[in-house]
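Heads up: the structure comes next, in structure tokens.
In what follows, every chain begins at residue 1, and chains take the letters A, B, ... in the order their sequences are listed.
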Protein chains: 2
Amino acid sequence: MENYKRILGQNLRKAREALQLSQEELAHEIDIDRTYISGIERGVRNPSLDVIAKIAQRLKTTPAALLTRPAQSRRSESA
Amino acid sequence: MENYKRILGQNLRKAREALQLSQEELAHEIDIDRTYISGIERGVRNPSLDVIAKIAQRLKTTPAALLTRPAQSRRSESA
DNA sequence: ATGTGACTAATAGTCCGTT
DNA sequence: TAACGGACTATTAGTCACA
């Protein structure tokens with residue numbers, strides 16, 4: 001079984017940094033605790049769908065995207 | 001904000017029925033209560049990533065797929 | 001075979017701090 | 001700025017009786 005918590009964490013961090021947000025800023029904006037964001041990024045937390053959706057929304061992406069393994073080479077999407 | 005609980009529920013039901021499983025059978029196989037599956041399909045539950053991943057695995061799909069809006073007309077994917 | 005409300009046990013999620 | 005721990009509270013995980 002894939003480690004989706006880890007995939008989520010990696011994607012989240014990448015997306016957050018792409019928007020040049022600190023964990024603290026992100027956390028504050030979506031009203032989630034900063035230590036919780038930290039835990040999710042490290043793959044040690046098991047967030048609920050609502051939290052995943054909330055984060056995705058702020059990072060201008062989707063839950064599906066945050067849960068997609070990065071190395072998947074989907075050319076057709078960004079083209 | 002999109003209702004991802006609902007999207008998940010719809011996709012889950014579709015995927016389950018495609019495999020001709022009853023809620024009861026699915027629930028039994030992945031060791032989750034039947035009524036809990038029912039709640040997720042109806043979009044009234046807010047499951048954690050672990051639960052979503054477990055269900056996805058049994059339905060031979062992925063969390064990302066279960067969280068993707070169906071009516072999204074993404075031509076490039078299946079073509 | 002599924003929907004639903006109500007319920008406890010477990011854990012998601014917060015808030016405090018230190019490194 | 002972020003990792004990490006401990007103690008706390010809110011919500012989810014998981015179960016039941018019944019429609």
Side-chain angles (χ1 to χ4, degrees), chain A residues 1-70, chain B residues 1-70:
Chain A
M1 172 139 140
E2 287 267 14
N3 187 349
Y4 283 102
K5 292 203 284 285
R6 189 144 185 171
I7 293 173
L8 173 65
Q10 291 171 344
N11 289 335
L12 164 50
R13 178 162 298 181
K14 204 176 298 178
R16 177 178 62 77
E17 289 177 343
L19 294 178
Q20 296 190 299
L21 288 169
S22 66
Q23 289 180 354
E24 205 161 10
E25 287 167 330
L26 171 59
H28 179 71
E29 291 196 35
I30 61 181
D31 208 50
I32 283 183
D33 197 82
R34 94 195 132 71
T35 67
Y36 195 52
I37 298 286
S38 170
I40 295 172
E41 287 194 3
R42 282 176 288 129
V44 300
R45 290 290 194 153
N46 181 31
S48 69
L49 179 52
D50 275 348
V51 167
I52 296 170
K54 213 159 148 184
I55 293 171
Q57 164 143 309
R58 176 58 189 89
L59 297 181
K60 300 177 198 295
T61 181
T62 60
L66 289 179
L67 291 171
T68 300
R69 223 177 319 117
Chain B
M1 171 141 142
E2 287 265 16
N3 188 348
Y4 282 102
K5 292 202 283 288
R6 191 145 183 172
I7 293 173
L8 171 66
Q10 291 171 344
N11 288 335
L12 164 50
R13 178 161 297 180
K14 205 176 298 179
R16 177 178 64 75
E17 289 177 343
L19 294 177
Q20 296 190 300
L21 288 169
S22 66
Q23 288 181 355
E24 208 162 11
E25 286 167 330
L26 170 59
H28 179 72
E29 291 196 35
I30 61 181
D31 208 48
I32 284 182
D33 196 84
R34 170 187 78 71
T35 65
Y36 193 53
I37 299 287
S38 170
I40 295 172
E41 287 194 3
R42 281 175 291 128
V44 300
R45 293 283 195 156
N46 180 28
S48 69
L49 180 52
D50 276 349
V51 168
I52 296 169
K54 207 161 149 185
I55 294 172
Q57 163 142 311
R58 175 59 189 89
L59 297 181
K60 298 177 199 295
T61 182
T62 61
L66 290 179
L67 292 171
T68 300
R69 216 177 327 119

Show me the protein contacts with nucleotides 6-8 of chain C, counting only N or O atoms at under 3.5 Å.
none

*Quick one, which residues of residues 2-32 of chain A touch DNA chain C with a heavy atom under 4.0 Å?*
A:D31, A:I32
*What are the two closest heavy atoms between A:P63 and A:A53, and how far apart are they?*
CG-CA, 3.9 Å
*Could you pull out all residues at least two apart from B:Q57 that satisfy side-chain contact (heavy atoms from CB on, under 4.5 Å)?*
A:M1
*What nucleic acid atoms does B:S38 come within less than 4.0 Å of, heavy atoms only: base, sugar-phosphate, or nothing?*
base
*asked:* Measuring only between side-chain heavy atoms, which start at C-beta, is A:L67 closer than 4.5 Å to B:T62?
replied: no
*Tell me, which of residues 49-64 of chain B have any heavy atom that sits under 4.0 Å from an atom in DNA chain C?*
none
*asked:* In whole Å, I'd like the distance from the CD atom of A:E41 to the P atom of D:dC4.
replied: 12 Å
*State which residues pass side-chain contact (heavy atoms from CB on, under 4.5 Å) with B:A27; sequence neighbours excluded, sorted by chain then number.*
B:R34, B:I37
*To the nearest 0.5 Å, tell me how far B:E24 CD sits from B:T35 OG1.*
11.0 Å
*asked:* According to salt bridge (charged side-chain N to carboxylate O under 4.0 Å, His left out), does anything in residues 52-61 of chain B pair up with another residue at least two apart or in another chain? List the pairs.
replied: B:E29-B:R58
*For the atom pair CG (B:L49) and CD1 (A:I52), what is the distance rounded to the nearest 0.5 Å?*
4.5 Å
*Would a 4.5 Å heavy-atom cut-off, applied to side chains only, mark A:T68 and A:I7 as touching?*
no
*asked:* My understanding is that only residues two or more places apart in sequence, or in another chain, count here; which of them pass side-chain contact (heavy atoms from CB on, under 4.5 Å) with A:N3?
replied: A:K5, A:R6
*In chain order, what residues pass the side chain to side chain donor-acceptor pair (under 3.5 Å) check against B:E41, with sequence neighbours excluded?*
B:R13, B:R16, B:Q23
*asked:* My understanding is that only residues two or more places apart in sequence, or in another chain, count here; which of them pass side chain to side chain donor-acceptor pair (under 3.5 Å) with B:R42?
replied: B:S38
*Heavy atoms only: give me the nearest A:Y36-A:P47 pair and the separation to one decimal.*
OH-CA, 3.5 Å
_Rounded distance (Å) that lies between atom P of D:dT15 and atom CD1 of B:I37_ = 11 Å
*asked:* As a check on the pairing definition, encode DNA chain C in dot-bracket form, counting Watson-Crick and G-U wobble pairs whose two distances are under 3.5 Å, and using | for partners outside this strand.
replied: .||||||||||||||||||
*Min side-chain heavy-atom separation A:I40-A:L12 under 4.5 Å*: yes
*asked:* Please enumerate all residues that pass side chain to side chain donor-acceptor pair (under 3.5 Å) together with A:S48, with sequence neighbours excluded.
replied: B:N46
_Interatomic distance, B:N46 CG vs D:dA10 P [rounded to whole Å]_ = 17 Å
*To the nearest Å, give me how far apart OH (A:Y36) and P (D:dA10) are.*
16 Å
N/O to N/O distances under 3.5 Å, protein versus nucleotides 16-19 of chain C:
{"unit_1": "C:dG17", "atom_1": "O6", "unit_2": "A:R34", "atom_2": "NH2", "d": "3.2"}

*Which value, rounded to the nearest 0.5 Å, describes the distance between B:L59 atom CG and B:L26 atom CG?*
5.5 Å
